[in-house]
Amino acid sequence: MKSELLAAAAAAVVVTVAAGAGAATLDTVKQRGFVQCGVNAGLPGFGNPDSAGNWTGLDVDFCRAVAVAVFNDPNKIKFTPLSAQQRFPAIQSGEVDLLSRNTTVTLTRDTSVGLNFAPVTYYDGQGFMVNKKLGVKSAKELNGATVCVQSGTTTELNLADYFRANNMSYNPVVIESNDEVNAAYFAGRCDVLTTDVSGLAGTRAGVAPVPDDHVILPEVISKEPLAPAVRHGDDQWFDIVKWTVNVTIQAEEFGINSKNVDEFVNSKNPDIQRFLGTSPGMGKALGLDEKYAYNVIKKAGNYGEIFDRNVGPGTPLKLERGLNALWTKGGLQYSAPFR
Amino acid sequence: MTDTVKHVGLPDERPPSNIVGPVAWLRNNLFNTWYNAILTVLVLLLLATAVPPFITWLFVTAHGFDATSQECRAGGGACWGFIGEKLRFILFGTFPYDEQWRPLLTIVIFIALLVGSCDRRFWKPWLGLVWAVGLTAVGILMWGGVFGLTPVENTLWGGLPLTLILSVIGLAVAFPAAILLALGRRSNMPAVKVLCVTYIELIRGVPLISLLFMASVMFPLFLPNGVSVDKLLRAQVAFIMFAAAYMAEAIRGGLQAIPKGQYEAADGLGLSYWQKMLKIILPQALAIAIPPLVNTFISFFKDTSLVIIIGLYDLLGAGKVALSDPSWRGFYRESYLFVGVIYWVFCFSMSKYSQKLERDLNRSHRR
């Protein structure tokens, strides 16, 4: 029996050797026939499989947008669910071409971890949620509060920094699992729940027994710009990811979405002609099809559509655009010009 | 004509009710001392407060398997609609939806193999062949690519089949390795002995989770760029290494329990080392080692859930990830309870079977 098992194990050895080391990622991806994308193993609205096992979420849709840019097909993609610890080795070792896993842009990640960050796809920040009954209106009134926080995250460190900076004391209730942190808060074990504002809003909308009993305080105590990342050393691939994200933002600014994009193809506006590839140049500069922007908008949608379908007010997460509104509407989403 | 002597006595009387019967049993077992009486009352009170609400939550106010999340959130007990909606995801993970009869068949094959192997009448050489055929069928079903089956990469495998593959194949490969390690550790050859001791102590000295991290996070960094070894295989190898070290120690315990006379008798018969081990020592040693081995099996079966940290969705992982669907957040009680019941059924059957096996094999020196 043992030898048969060994034979089975030997058959199971799947050693994949991609094209030689140092080859351009775009060529490797084209040769392979799909984009390998690292996503969160389960973060509601950002990266999670649905009941049928299909990947959905904001981060996932940006992976698909890149697949459309390269192949004009949102399904030429494979997802690798990654834990927080796994994500950087996975992108460094080339296991994934693209990391789109709610990763905060920081200096050390950009430098010593060896990542290049595309434009921010979601501006987040750490906040506080309290029960309305406490009557708290500001985080400055939280002196002496019991705070539920997830362990091993920057959240815990930010929390400590914030209270120290404001000369306040607090009792942390530190729990490893996100679900249990939420459960502890709703069971009344702590006065305050802290995590990223998107997470708080999602928890309030999706987990709270009575959502209106809880209020998210206005203070945002940290900056968490989440962006897709590629590894150092392949500028062309970095440009492709960067200008794919920009396409979605610019399209929303132009008022172009997946439904009306065909009406814009014959637009007289030279900016839009350049953007959609009616007058050529942009696609070629990236090494992609001239109509890549058209394809991305048609098959993946503009930024607003991606936001609304995954985390927007119509979804169970019910997040407002806030900082993620276009710069023309008071937010931070801004694309460099296509020319 | 023969005389028969008839002994006629008084009919047997029932023993007094303070010696047998339910009242006496209660007295002897639950109320035999004043502190046991207090403990009994306390435990009963605890059960009375905990069990009825739990039953109510579980059945009475629960929502059925077709409930929507809105209905569940409106109030009431357990939301079995969550299990109804997510059943296939929890059981099969991200395996392509239309092909999920394949992992289902895999589960059936695994259970049939395991149940069949439990019957000692089938402990014949052809059982190995049956296993080989069964595992090949599992491989074909899961991977596909032949007989018109769509190929499915093992990164998409998940749920119960993944748990079964990791644990059953892990244990099946680790078991022979563990026997060799245990024999090596008791060997007279210094090099073999040092090697085995080093291996066992090294692996037992680190947590399983660090082995998994090594396999999944560190290992790819040592490979040249672009070369990657399958993620599932890396995890499987880490599990085998871990299980082998632990089982080796359980088996060594069995080996040490065999009296020296058995070894000497075997030597006296002029048996070779392998004959001695295979025919005399190991059959006895393994029978003695059943309880610690089963202990290892059970904990190992549950340890496979650690693969969640390297992004594989085993049964528990799939149950956890099912909760990340935005419309079905917060039903973790239902999810964990369901998964827990599945784990319990497997572990309890293992435990029960091992007790039976222990009785059968250890007749000679039952204590």
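Here is the naming used below: chain letters follow the sequence lines, and residue numbers restart at 1 for every chain. Values below: all heavy atoms of this structure, side chains included; hydrogens, waters and symmetry mates excluded.
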Could you tell me which portion of B:Tyr313 (side chain, backbone, both or neither) has an atom closer than 4.5 angstrom to a non-hydrogen atom of chain A? side chain

Quiz: residues 331-340 of chain B side-chain donor-acceptor pairs under 3.5 angstrom, not counting sequence neighbours:
from     : atom 1 : to       : atom 2 : distance (Å)
B:Glu334 : OE2    : B:Cys79  : N      : 2.8
B:Ser335 : OG     : B:Gly319 : O      : 2.9

Side chain proximity check, A:Leu317 to B:Arg329, heavy atoms < 4.5 angstrom: yes

Contact listing (chain A partner; residues 82-89 of chain B; heavy atom under 4.5 Å): B:Glu85, B:Lys86, B:Phe89

Close approach to chain B in residues 36-48 of chain A, criterion heavy atom under 4.5 Å: A:Ala41, A:Gly42, A:Leu43, A:Pro44, A:Gly45, A:Asn48

So which bits of residues 305-313 of chain A come within less than 4.5 Å of chain B, counting non-hydrogen atoms only? none

Closest approach of A:Asp50 and B:Asp325, non-hydrogen atoms and distance? CA-OD2, 4.4 Å

Under 4.5 Å from any heavy atom of chain B - which part of A:Thr315: neither

Atom group of A:Thr203 that falls short of 4.5 Å from chain B, counting heavy atoms: both

Go through the atoms of A:Ala183 and report whether side chain, backbone, both or neither lie under 4.5 Å from a heavy atom of chain B. both

Assert top hit (heavy-atom pairs under 4.5 Å, partner chain A, pool B:Ser324, B:Ser327, B:Pro326) equals B:Ser324

Can you check whether A:Pro49 reaches B:Thr94 side chain to side chain, under 4.5 Å on heavy atoms? yes

Contacting moiety of B:Thr155, where chain A heavy atoms sit under 4.5 Å: neither

Residue B:Gln236 versus chain A: region with a heavy atom under 4.5 Å: neither

